[in-house]
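Structure first, commentary second.
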Amino acid sequence: MTRLVSTHLRPVKSLGGVDVDRAEVQPWGLRHDRRWVVLRSDGGKVTSSALPALLGLTAVPGTGSITLTDRDGSTLTVAEPVDGPPVGTDVSRLDTVRLAADDAHDWLSARLGRPVRLAWLDDPRRRPMSAEHGGLPGDPLNLSDAGPLLLTTAPSLRRLRDWIVEGALERGEPAPEPLAMARFRPTVVLDGPFEPFAEDGWTHVRIGAVDFRVSERCDRCSVTLIDPQTLTSGKEPIRTLARHRRYDGKTWFGIRLVPVTTGEIRVGDPVAVS
């Protein structure tokens, strides 16, 4: 039987997050997922592809707050800036976000080695999903790039790992350590008795009692080249995806989901696909 095997929240876009056993599905994504963003002084978003050090910081949601943690163990709890000043941003289809308190900016700036600010999306209904990525009129979106949830599957990762090992052996290189699913930053991960990349053909997914439609397949960017543990960059998985999963000028892994209904999903939930 196909089941949900892991669920992941990343409260701050481009930072590390937390694995959870259960999550509340809202129209714009999972509760607490990608509601915060790190900005430059000019309002432009800071991404992990440009600044891999972001991946070395972790954000964990709380009640009306998040707690930021550095790898040295230092932490800072930041309250949701419900009345925070609005600031312009270059996040697509969104004019403003609300600035957090100054101590959040100072904490992040000290660890990233450059001046940055932390901001919060107060109401995801202010940001519509793009029609180019499968959004329909009225579909809201958190601060994710293109869709409310990203789904990946264990069979596809196993096949990709095999391809990576095969390629290394062809080049006379030692077999690398297995690629971590975290490279792809999924929201939900499935496993079951289906073929690798079967998800390419799915149009609907039901996790527990919550229904989703598939908005599009997910093209992969250079963030997947960064090892989330060492923060160093390499050639995988893009090199191997380009060999086996390249079309329309892009490489592909995973699918994006849009909630059709809301409710709670739990690790272990049965999954139906069509």
Side-chain angles (χ1 to χ4, degrees), residues 1-8 10 16-17 19-20 30 48-49 55 133-134 144-208 212-258 265 267-274:
M1 177 182 291
T2 298
R3 292 192 178 276
L4 175 67
V5 294
S6 66
T7 306
H8 313 273
R10 297 175 181 85
D19 302 345
V20 295
L30 298 185
S48 51
S49 57
L55 297 173
H133 292 288
S144 298
D145 286 337
L149 285 83
L150 173 62
L151 180 152
T152 60
T153 71
S156 297
L157 180 63
R158 288 192 287 265
R159 175 62 57 83
L160 176 59
R161 287 171 172 170
D162 289 344
W163 284 338
I164 290 173
V165 170
E166 291 167 7
L169 296 178
E170 289 174 4
R171 294 187 297 273
E173 301 170 357
E177 291 295 316
L179 192 79
M181 186 68 88
R183 292 285 189 109
F184 298 101
R185 297 176 66 81
T187 319
V188 290
V189 181
L190 308 185
D191 199 357
F194 51 86
E195 291 296 313
F197 304 105
E199 61 270 21
D200 287 352
W202 298 345
T203 59
H204 293 85
V205 176
R206 182 179 178 88
I207 302 175
F212 305 85
R213 77 169 195 275
V214 178
S215 55
E216 63 176 354
R217 289 169 287 183
C218 183
D219 57 302
R220 307 313 313 204
C221 69
S222 60
V223 172
T224 60
L225 301 175
I226 304 170
D227 186 318
Q229 295 301 315
T230 65
L231 306 185
T232 58
S233 295
K235 296 181 178 180
E236 297 296 356
I238 297 297
R239 174 170 58 183
T240 297
L241 287 174
R243 180 178 180 182
H244 297 277
R245 298 275 301 165
R246 182 178 177 86
Y247 44 91
D248 295 336
K250 300 176 181 179
T251 59
W252 306 86
F253 191 93
I255 56 177
R256 294 188 173 105
L257 302 181
V258 178
I265 57 175
V267 170
D269 274 348
V271 176
V273 302
S274 60

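Heads up: numbering here begins at 1 and tracks the sequence.
Between atom CD of residue Glu236 and atom CG of residue Leu241 there is a gap of 8.0 Å, rounded to the nearest 0.5 Å. To the nearest 0.5 Å, atoms CZ (Arg246) and OG1 (Thr251) are separated by 7.5 Å. The distance from the CZ atom of Arg239 to the CG atom of Leu225 is 10.0 Å, given to the nearest 0.5 Å. Distance SG/Cys221 to CZ/Arg185: 9.5 Å, rounded to 0.5 Å. Note that CG of Leu149 is 11.5 Å distant from NE2 of His8, once rounded to the nearest 0.5 Å.
The heavy-atom pair separating Ala182 from Pro228 by the smallest distance is CB-CG, 4.1 Å. Nearest heavy atom pair, residue Leu160 against residue Pro237, reads CD2-CB, 4.0 Å. Of all heavy-atom pairs between Ala168 and Pro176, the closest is CB-CD, 4.0 Å. Taking every heavy atom of both residues into account, Pro178 and Arg161 meet most closely at CB-NE, 3.7 Å. Taking each heavy atom of Leu30 and Ile265 in turn, the nearest pair found is CD2-CD1, 4.2 Å. The minimum heavy-atom distance between Gly134 and Arg213, with the atom names listed, is O-NH2, 2.8 Å.
One N or O on the side chain of Arg10 and one on the backbone of Pro186 form a donor-acceptor pair closer than 3.5 Å. Remark: the backbone N or O of Asp200 is not paired with any side-chain donor or acceptor of Arg217 at under 3.5 angstrom. Here the side chain of Arg3 pairs a donor or acceptor atom with the backbone of Gly268 at under 3.5 angstrom. Judged by distance alone, with hydrogens and angles left aside, the side-chain atoms of Arg220 form a donor-acceptor pair with the main-chain N or O of Phe253 at under 3.5 Å. Proximity of a side-chain donor or acceptor of Thr187 to a complementary backbone N or O of Leu150 within less than 3.5 Å is detected.
A side chain to side chain contact (heavy atoms under 4.5 Å, CB included) with Val214 is found for exactly one of Val273, Leu151, Val258, Ile255, namely Ile255.
Residues Leu257 and Ser215 are not in side-chain contact: their nearest non-hydrogen atoms beyond the backbone lie 4.5 Å or more apart. In this structure, the side chains of Pro270 and Thr2 stay at 4.5 Å or more apart for every pair of heavy atoms. Side chains of Phe184 and Thr224 form a contact here, defined as non-hydrogen atoms less than 4.5 Å apart. Looking at Pro148 and Phe212, their side chains never come closer than 4.5 Å, going by heavy atoms from C-beta outward. By the 4.5 Å heavy-atom criterion applied to side chains, Arg183 and Leu157 are not counted as neighbours. Between Thr153 and Arg159, every side-chain heavy-atom pair lies at or beyond the 4.5 Å cut-off.
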Verdict with supporting geometry, Leu4 and Leu190, side-chain contact (heavy atoms from CB on, under 4.5 Å): CA-CA 5 Å; Leu4 175 67; Leu190 308 185; 4.0 Å; yes
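Under the 4.0 Å criterion applied to side-chain N and carboxylate O atoms, Asp145 and Arg256 are not assigned as salt-bridge partners. Between Arg243 and Glu166 no salt bridge is recorded (no basic side-chain N to carboxylate O distance below 4.0 Å).
No more than 12 heavy atoms of other residues, nucleotides or ligands sit less than 6.0 Å from atom CD of Glu177.
Here Phe197 and Trp163 bring their ring centres to under 6.0 angstrom of each other.
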